[in-house]
Amino acid sequence: MDVIDDVLSENNGHWTFEFDGKVRSVQKSNVPLDTHTAITIQQLTKILFGYRSAASLVEHGKIVGWTSDNVKNLDAITLPQKPILADYF
């Protein structure tokens with residue numbers, strides 16, 4: 001998966017997730033970044049924290065160029081969660 005982060009350049013690049021029901025490892029590789037299929041760090045955060053699924057981001061045109069396998073694999077390792085708005089009054 002290719003990730004773009006405008007704030008922390010160390011996050012930019014191609015990342016490999018290995019999993020078998022749960023994530024076993026995440027490693028940055030030397031594969032060149034493909035900006036056409038890359039997602040932003042904000043989109044990845046939404047997916048990993050369960051706020052949005054990869055499928056919904058693809059459906060709404062926020063992620064382009066992904067195969068159905070890309071979407072299924074990423075959605076398989078995340079659990080949809082109801083977002084919580086915490087107020088600090």
Side-chain angles (χ1 to χ4, degrees):
M1 165 187 335
D2 296 306
V3 177
I4 298 173
D5 187 340
D6 292 335
V7 177
L8 187 60
S9 62
E10 288 82 1
N11 288 334
N12 291 327
H14 185 84
W15 292 86
T16 302
F17 289 73
E18 292 184 23
F19 58 94
D20 59 5
K22 64 181 182 176
V23 176
R24 294 292 178 196
S25 71
V26 178
Q27 295 182 349
K28 189 173 183 180
S29 70
N30 292 328
V31 174
L33 178 68
D34 180 355
T35 56
H36 176 69
T37 58
I39 64 173
T40 66
I41 196 70
Q42 292 86 356
Q43 292 165 330
L44 180 59
T45 301
K46 288 176 186 178
I47 295 166
L48 294 179
F49 280 89
Y51 180 68
R52 291 278 185 253
S53 67
S56 72
L57 291 174
V58 168
E59 181 180 330
H60 290 94
K62 302 297 183 185
I63 297 175
V64 296
W66 277 32
T67 66
S68 59
D69 284 342
N70 294 128
V71 173
K72 287 178 192 174
N73 288 339
L74 190 53
D75 280 346
I77 62 170
T78 59
L79 296 172
Q81 310 245 344
K82 187 174 183 177
I84 298 172
L85 176 63
D87 66 40
Y88 298 98
F89 294 103

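The first residue of the sequence shown is numbered 1, and numbering continues consecutively from there. Quick note: numbers below take in every heavy atom, side chains included, and nothing from hydrogens, waters or symmetry partners.
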Quiz: residues 30-37 side-chain donor-acceptor pairs under 3.5 angstrom, not counting sequence neighbours:
{"residue": "Asp34", "atom": "OD1", "partner": "His36", "partner atom": "N", "Å": "3.0"}
{"residue": "Asp34", "atom": "OD2", "partner": "Thr37", "partner atom": "OG1", "Å": "3.3"}

Would you check if [X] and [Y] make a side-chain contact, meaning some heavy-atom pair closer than 4.5 Å?
X	Y	result
Leu57	Glu59	no
Thr67	Lys72	no
Ile47	Ile63	yes
Asp2	Trp15	no

*Identify which one of Lys46, His60, Lys62 satisfies the side-chain contact (heavy atoms from CB on, under 4.5 Å) criterion when paired with Arg52.*
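Looking at Lys46, His60, Lys62, the match for Arg52 under the side-chain contact (heavy atoms from CB on, under 4.5 Å) is Lys46.
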*asked:* With clusters defined by side-chain heavy atoms of hydrophobic residues (ILVMFWY) lying less than 4.5 Å apart, directly or transitively, does Ile4 cluster with Trp66?
replied: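 They do not share one cluster, since no chain of ILVMFWY contacts under 4.5 Å joins Trp66 to Ile4.
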*asked:* Assigning hydrophobic clusters by single linkage (Ile, Leu, Val, Met, Phe, Trp, Tyr; side-chain heavy-atom cutoff under 4.5 Å), is Val64 placed with Met1?
replied: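 The answer is no; the residues belong to distinct hydrophobic clusters.
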*Nearest 0.5 Å please: distance from the CD1 atom of Ile41 over to the CG atom of Asn12.*
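Result: 8.5 Å between the selected atoms.
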*If you look at every heavy atom in Ala55 and Asp75, which pair is closest and at what distance?*
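Looks like N-OD2, 3.1 Å.
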